[in-house]
Novice: 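Okay, handing you the structure first.
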Amino acid sequence: MSGLIALVDCNNFYASCERLFDPTLRGKPVVVLSNNDGCAIARSNEAKALGIKMGDPWHLNRAAWRRQGVRVRSSNYTLYGDLSRRVMTVLGDFSPNVEVYSIDEAFLDLTGFEGWEEAHARQLRSRVLAWTGIPVSVGIAKTKTLAKAANHHAKRNAACAGVFMIKSEEARLEILGRLQLTDIWGIGDRLAYRLKAMGIESPVALAEADAETIRKTFSVVLERTARELKGEPCQELELVNPPSKSICASRSFGAEQTAFVPVSEAVATFVARASEKLRRQQLVAGTVSVFLETNTFKAVKQYHPWATVSLPVASADIRTLTTAAQNALRMIFKQGYRYKKAGVLLDDLSAAGCVQGDFWSEPDSPQSQALMRAMDRLNKVWGRGTVKTASCGTREAWRLRADLMSRRYTTRWDELLRVT
DNA sequence: TCTGGGGTCCTAGGACCC
DNA sequence: TCTGGGGTCCTAGGACCC
């Protein structure tokens, strides 16, 4: 009864944009790099064929790519944003109801085009190409999730010529049968792993699984995905985009940071950028958060503190926001130094065997004794009363231990790398 | 030396209240 | 030594997306 949904997706969008403005890139492997030229975030088909993956770091592959004749470009978001708007404008001619889902994707409501959806999509595709120069693929189906799957198929099979529509039950099962779990919209590595562990190894199996069980075992989100794979629409088109709930500005430092001043300066820059976005969207902020992140590529658990400051009056004023952010940053640094001192003691604790255990039921055990001593010392470092040894009953002790263990990672303070 | 920068939603668990 | 039930709100963390 209700109409079908089309997902229109620009092919290798950033790479296609670059080609538009530099025709010498046509037919060549093209890689677009992230900010600071860190890693690959877009690849032309030729680059994909060379085995270049999303996220491949530039500095590790520079020589190989040069050898392979890969053309590398720094990203230019102003350009991509502009081309995106042009594409979306053309799409508006093909349906009154368009949900702009991301910079390079849109869902179209095809109600009213019953019977000729596919022809409509082909016309759309050639017009977008003719008017903007951007190649797109179109997937058509009863639900958003299936439209995504259809698009995936259209993109990878030349015979589709860029458009694929799931017209029947047989087609639905056939398409799902060709996909992996992680090809499905909403299923990443972790969910796929957990699904497989419980015997659901393919999209078809997920579609056939009991929806209630999926919700209980996972979440309503995955339940919706499972239902949509069956052909039961659970996600409406969102035609107006609601105002942002958060605005974030962040960058990685090129090298490890340990001092307050450079971090503070970076925070000032990010506040300026974020408040600019805020004003452009005609919004005000009620809270300001600052977070820091140490190098997540290191094997040990990393430090990821954050602090939030509430504003008495919501604001988009850069001075107000800057003050709040600097206060938040100071809070983090203060804690960081405190934890750093405590870190030594925490290592003592773990050396004493206080890593896991039910030794609390034996107050005289060496571990319990060690913990008691450590708590005394923590009080000396953190200030009197921080840890209450006097009233340390079983339950309290457990809580304390959990708290200590959860702060272990804070000993990595000296490897601060990323700031927002 | 060198590994993106944005977002969203959901859930578990703790704090607090009656 | 034992120890309610139910509700709300908040936060941290996990998972996903492009």
Side-chain angles (χ1 to χ4, degrees), chain A residues 7 9-14 31-43 52-63 74-77 80-81 84 99-107 144-145 148 151-152 181-195 214-225 234-235 238 241-257 266 270 273-274 277 281 286-287 289 291 293-299 301-302 304-308 310 393-395 398-399 402-403 406-407 409 415 417-420:
Chain A
L7 173 69
D9 189 328
C10 302
N11 300 346
N12 313 324
F13 184 53
Y14 297 169
V31 167
V32 178
L33 298 175
S34 63
N35 266 301
N36 302 337
D37 292 346
C39 62
I41 53 167
R43 305 149 296 150
I52 297 172
K53 302 265 180 313
M54 194 76 170
D56 275 356
W58 163 229
H59 74 273
L60 294 180
N61 293 288
R62 191 182 297 235
S74 298
S75 45
N76 179 350
Y77 294 99
Y80 311 149
S84 171
E99 173 186 340
V100 177
Y101 174 68
S102 74
I103 194 164
D104 70 337
E105 281 175 68
F107 288 102
K144 283 181 164 181
T145 307
K148 275 272 198 181
N151 187 287
H152 189 275
L181 278 174
T182 48
D183 294 331
I184 300 300
W185 189 40
I187 301 182
D189 288 342
R190 306 187 185 224
L191 280 176
Y193 179 84
R194 288 177 58 201
L195 281 165
I214 295 294
R215 181 172 60 208
K216 281 187 196 130
T217 317
F218 297 91
S219 69
V220 292
V221 182
L222 191 62
E223 183 199 7
R224 281 198 283 262
T225 299
C234 300
Q235 305 186 65
E238 286 165 28
N241 30 354
S244 296
K245 295 180 173 175
S246 65
I247 288 173
C248 174
S250 73
R251 284 287 181 282
S252 294
F253 282 103
E256 294 182 348
Q257 305 291 317
F270 301 144
R273 191 153 49 219
K277 288 192 206 174
Q281 297 180 33
T287 62
S289 298
F291 70 78
E293 213 168 79
T294 49
N295 188 350
T296 50
F297 285 89
K298 293 195 177 178
K301 181 155 186 179
Q302 293 296 308
H304 185 168
W306 74 347
T308 299
S310 295
T394 305
R395 196 174 303 179
W398 263 107
R399 192 172 303 145
D403 193 38
S406 73
R407 289 180 189 181
Y409 59 85
E415 294 166 357
L417 192 68
R418 183 163 188 256
V419 169
T420 300

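Letters go in sequence order (proteins before strands), and every chain restarts at 1. All values below come from the heavy atoms of this structure, side chains included, with hydrogens, waters and symmetry mates left out.
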Novice: So, does A:Lys148 get its side chain near the phosphate of C:dC18, meaning an N or O under 4.0 Å from OP1 or OP2?
Specialist: yes
Novice: Heavy atoms from C-beta onward define the side chain here; which of B:dC10, B:dG5, C:dC17 lies closest to that of A:Val221?
Specialist: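 Nearest to the side-chain atoms of A:Val221, counting from C-beta on, is B:dC10.
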Novice: Among the nucleotides B:dC9, B:dG4, B:dG6, which one has an atom lying closest to any side-chain atom of A:Ser250?
Specialist: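 Within the option list, the nearest is B:dG6.
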Novice: Counting only side-chain N and O atoms of A:Trp306, is one of them less than 4.0 Å from OP1 or OP2 of C:dA12?
Specialist: yes
Novice: Dot-bracket for DNA chain B: what is it, with Watson-Crick or G-U pairs under 3.5 Å, [ ] where a pair crosses earlier ones, and | for a pair to another strand?
Specialist: ....||||||||||||||
Novice: Can you tell me how far C1' in C:dG4 sits from the matching atom in B:dC16, rounded to whole Å?
Specialist: 16 Å
Novice: Counting heavy atoms from C-beta on, name the nucleotide in C:dC18, B:dG6, B:dT8 closest to the side chain of A:Cys248.
Specialist: B:dG6
Novice: What residues, two or more places apart in sequence or in another chain, satisfy salt bridge (Lys or Arg N to Asp or Glu O under 4.0 Å) together with A:Asp56?
Specialist: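 Applying salt bridge (Lys or Arg N to Asp or Glu O under 4.0 Å) to A:Asp56 gives none.
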Novice: If the condition is side-chain hydrogen bond (donor to acceptor under 3.5 Å, both in side chains), which residues does A:Glu238 pass it with, not counting sequence neighbours?
Specialist: none
Novice: With the side chain of A:Ser252 defined as its heavy atoms from C-beta on, choose the nearest nucleotide among B:dG4, B:dT11, B:dG6.
Specialist: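 My answer, after comparing the listed nucleotides, is B:dG4.
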Novice: Which nucleotide in the set B:dC10, B:dC2, C:dC18 lies at the smallest distance from any side-chain heavy atom of A:Arg224?
Specialist: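 So the nucleotide nearest the side chain must be B:dC10.
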Novice: Quick one: which of B:dT11, B:dG4, C:dC16 gets closest to the side chain of A:Ser34?
Specialist: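 Selected nucleotide (nearest to the side chain): B:dG4.
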Novice: Counting side-chain heavy atoms from CB outward, which of B:dT3, B:dC9, B:dT11 is closest to A:Lys245?
Specialist: B:dC9
Novice: Out of C:dC16, B:dT11, B:dG5, which nucleotide sits closest to the side chain of A:Ser219?
Specialist: B:dT11
Novice: For A:Asn35, enumerate each residue passing the side chain to side chain contact (heavy atoms under 4.5 Å, CB included) test, keeping only those at least two apart in sequence or located in another chain.
Specialist: A:Tyr77, A:Arg251
Novice: Which residues pass the side-chain hydrogen bond (donor to acceptor under 3.5 Å, both in side chains) test with A:Asp37, sequence neighbours left out?
Specialist: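 side-chain hydrogen bond (donor to acceptor under 3.5 Å, both in side chains) list for A:Asp37, sorted by chain: A:Ser74.
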Novice: Which nucleotide wins on minimum distance to the side chain of A:Ser246, given the candidates B:dT11, B:dT8, B:dG6?
Specialist: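 That would be B:dT8.
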Novice: Taking only residues two or more places apart in sequence or in another chain, which ones pass salt bridge (Lys or Arg N to Asp or Glu O under 4.0 Å) with A:Glu223?
Specialist: A:Arg215, A:Arg227
Novice: Are A:Leu195 and A:Ile187 packed together at the side-chain level, in the sense that at least one heavy-atom pair is separated by less than 4.5 angstrom?
Specialist: yes
Novice: Select one nucleotide: of B:dG6, C:dC18, B:dG5, the one nearest the side-chain heavy atoms of A:Asn36.
Specialist: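 Minimum distance to the A:Asn36 side chain belongs to B:dG5.
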